[in-house]
Amino acid sequence: MIHITFPDGSVREYAKGITGFQLAESISPRLAAEVLAIGVNGVTLDLSRPIEDDATIQLHKWDDPEGKHAYWHSSAHLMAEALQELYPGMKFGIGPAIENGFYYDVDPGDAVIKESDLPAIEAKMIELAARKEQIVRKEISKQEALDFFKQKGDEYKVELISDLTDGTISFYSQGDFTDLCRGPHLQNTGEIKAIKLLSVAGAYWRGDEKRKQLTRIYGITFPKKKMLDEYLAFLEEAKKRDHRKIGKELELFTFSQAVGAGLPLWLPKGTILRNRLEDFLKRIQKRFGYQQVITPHIGQKELWVTSGHYAKYGKDSFQPIHTPQEGEEFLLKPMNCPHHCEIYKAFPHSYKDLPIRYAEFGTVYRYEQSGELHGLTRVRGFTQDDAHIFCRPDQLKDEFLKVMDIIFIIFNALDFKNFEAQISLRDPNDREKYIGSDENWEKAESAIVEACEEKGLKANLVLGEAAFYGPKLDFMVKDAIGRRWQLGTIQVDYNLPERFDLEYTGADNQKHRPVMIHRAPFGSMERFVAVLIEHTGGKFPLWLTPEQAVILPISEKFNDYAHQVAQQLDEQDIRVSVDDRNEKIGRKIRDNELKRIPYLLIVGEKEMEAGVVAVRKQGEGDQGTKTVNAFAVDINAEVEKMMKIF
RNA sequence: GCUGUUGUAGCUCAGCGGUAGAGCACUUCCUUGGUAAGGAAGAGGUCAUGGGUUCAAGUCCCAUCAACAGCUCCA
């Protein structure tokens, strides 16, 4: 007999070799019907795996990530089985479960899989699932595994197996399909009920640009048709919050083919929004001891040769600008750091002057490859809310913590609760990619790790994601459909101060090297506004929104009064306009609600006589009347309340 | 840059070999209406660009540009 401990702490005795499924059955048939995988001592396994020793277990259903994972992983195998039948000789790469669904990377040889082929693959999957095939696990030696896939002619699997250690290899089979796989899987493909293949795309084998591009098919499945319908409806809803759509609807920004791809044009309303954000950050930065500076959009090529950026990115950047005078070369600035370093160098500095914090909303230009452009989130010309902090080594951690505070203030103010923090370090296996000494890198990396610990910030450590001159702490926020975008970033840099020969005079009257922090709490104005749009669905907070109120006269007779009210509000810094179109009030309300204007002020005969406005709050309906002055005071108080949170 | 998809009126889209369409927006007129779409008339398009096939090309083919979903990249 063995002892099984359940999540509630209770312990039961079972026969040695009992399976997860039998365990579930022993509790209730309903549980057995719903359970998808089992966690045994923290390792997720198939329900059909026998348990031989005492263990702590957890039964995973659909609502657990482990349950979904097994379900979607088996769905990937089901899709592969369908593909094998439809495209004989197809070779398979990898086919994992992902956050929402699964994919499989396949090499269809000379055949081409197009989006229009997906329904046929779906139909085949449904046909196969109806056969309710058992999914069988088999542990296998490395040699047997190699022989199987060599014989099948699947070089991708052969390559994968070659990298595995003997004794840890398992196959999963259902019907005529066998795959190299660690599992865990469902017991039976019949559990897969609702299937939707979503898209087809190219994906490089093992993520390597130099290797063959396979065909990646994305799909998602659910135990119930209704759940699939709900998911597809969710995707439709998310599309409505797409910043590119809302940006157009609310007249925030646009692009022009004539101007060029990836070069956003900010419209008047978008400019108000952006200026409000800039003012907000400037106000915070002032409190934190930053000084605003302004630098030109170009600089001599030498500047980036010194920084190391030219060697690293020169070939893939906008190429140098040549002047009529031969031999002069300028670059559009792809970052602001060299300019700020030159500002630092304009004066000698004492240790007493540090830290020095130069901030600039600096517009930079980077040649992103065409396929990488994406709305406002990935563009070729953008404005960083940049700053460079020059400090003494002993000030580094404190300065780093203060920057984190600024980022938290901003995320708080805009209600970005679900951000993720990522510490990006060097790739220890590829030191060639980076400049600077090991000693400096180690100091910089540990400064970031320590700062996060001090703040109690849980951050993912990712190797190989550092900038070439230093490690960084990035803050990622998801868009409407769950794509992660890097917003705030803080980078520690010992290298540029050396390359630019930056100095300060210490208390010992000797020259010392300052440390530099690069930081951008928004990341860029473009990307930040994009993510903000998707988070708010275009319903911006009152202090930010381009139009705070609109006045709606009941009929043209009250247009004069409406404009009078508008002027009065304008004098009190309310951003207001008048909808004096020849339309009925119902129409004006509808149109302005759709423009997500927070307050609609309706004025007719009653209001004009009493010198008031009828206030209607967006989404909440009629709020009764107020005097014009009272309305202005209330709005400004609401805005001020927000601005005081820091 | 790579794979797949898509470019028709300001916007959303229909038309898929035979003289360019709808709804919304826009203009003018009627209406002056009290909390989410009042009515009528009108104007607006080298069908992304450049080639080709055809008696005839938004419609078929090729190239280029741009956008979309991924991949790769992201100082």
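Here is how names work: the chains are called A, B, and so on, in the same order as the sequence lines, proteins then strands, and each is numbered from 1. Since the model is a prediction, treat every value here as computed from it, not as a measurement.
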Check this for me: does any side-chain nitrogen of one of A:E372 and A:R380 sit under 4.0 Å from a carboxylate oxygen of the other? no
Protein-nucleotides 27-31 of chain B N/O pairs under 3.5 Å:
residue	atom	partner	partner atom	Å
B:rC30	N4	A:N582	ND2	3.3
B:rU31	N3	A:N582	OD1	3.3
B:rU31	N3	A:N582	ND2	3.0
B:rU31	O4	A:N582	ND2	2.3

Do the side chain of A:Y204 and the base of B:rG1 come within less than 3.5 angstrom through a donor-acceptor pair of N or O atoms? yes
Is the phosphate of B:rC2 approached by A:K212 (side-chain N or O, under 4.0 Å from OP1 or OP2)? no
Which value, in whole Å, describes the distance between the P atoms of nucleotides B:rG15 and B:rG7? 10 Å
Would you check, one step at a time, whether the test ring-ring contact (aromatic ring centres under 6.0 Å, His included) holds for A:W72 with A:H77? CA-CA 9 Å; A:W72 284 333; A:H77 280 217; over 10 Å; no
Report all interatomic pairs (protein N or O, nucleotide N or O of nucleotides 5-9 of chain B) with separations under 3.5 Å.
none

For A:Y218, give me all partners under ring pair (Phe, Tyr, Trp, His ring centres under 6.0 Å), at least two apart in sequence or on another chain. A:Y103
By ring pair (Phe, Tyr, Trp, His ring centres under 6.0 Å), A:Y231 pairs with (sequence neighbours left out) A:F222
For A:Y104, which residues count as a ring pair (Phe, Tyr, Trp, His ring centres under 6.0 Å) partner, sequence neighbours excluded? A:F92
Between A:H73 (side chain) and A:H69 (backbone), is there a donor-acceptor pair under 3.5 Å? no
Of the residues in residues 302-317 of chain A, which ones touch RNA chain B at a heavy-atom distance under 4.0 Å? A:H309, A:Y313, A:S317
Any pair counted as salt bridge (charged side-chain N to carboxylate O under 4.0 Å, His left out), so long as it reaches residues 556-566 of chain A, sequence neighbours left out: none
Exercise answer: donor-acceptor pairs, residues 332-341 of chain A side-chain atoms, under 3.5 Å, sequence neighbours excluded:
residue	atom	partner	partner atom	Å
A:K333	NZ	A:T295	OG1	2.7
A:K333	NZ	A:P296	O	3.1
A:K333	NZ	A:N336	OD1	3.0
A:N336	ND2	A:Q384	OE1	3.1
A:N336	ND2	A:D386	OD2	2.8
A:H339	NE2	A:I298	O	3.2
A:H340	ND1	A:H388	ND1	2.8
A:H340	NE2	A:E360	OE1	2.7

Quick one: list whatever passes ring pair (Phe, Tyr, Trp, His ring centres under 6.0 Å) with A:Y156, sequence neighbours left out. A:W205
Give, ordered by number, those residues of residues 609-623 of chain A having at least one heavy-atom distance below 4.0 Å to an atom of RNA chain B; if nothing qualifies, reply none. A:A614, A:R616, A:D622
Result for side chain to side chain contact (heavy atoms under 4.5 Å, CB included) between A:R206 and one of A:L160, A:L214, A:I94 points to A:L160
Please report, to 0.1 Å, the donor-acceptor pairs under 3.5 Å made by any side chain of residues 607-617 of chain A, with sequence neighbours excluded.
residue	atom	partner	partner atom	Å
A:E607	OE1	A:G604	N	2.8
A:R616	NE	A:E593	OE2	3.1
A:R616	NH2	A:E593	OE2	3.4

Can you find a side chain N or O atom of A:R378 that sits less than 4.0 Å from OP1 or OP2 on B:rG70? no
Taking salt bridge (charged side-chain N to carboxylate O under 4.0 Å, His left out) as the cut-off, I'd like each qualifying pair that reaches into residues 306-319 of chain A, sequence neighbours left out, listed once. none
Under 4.0 Å between a side-chain N or O of A:R211 and OP1 or OP2 of B:rC71? no
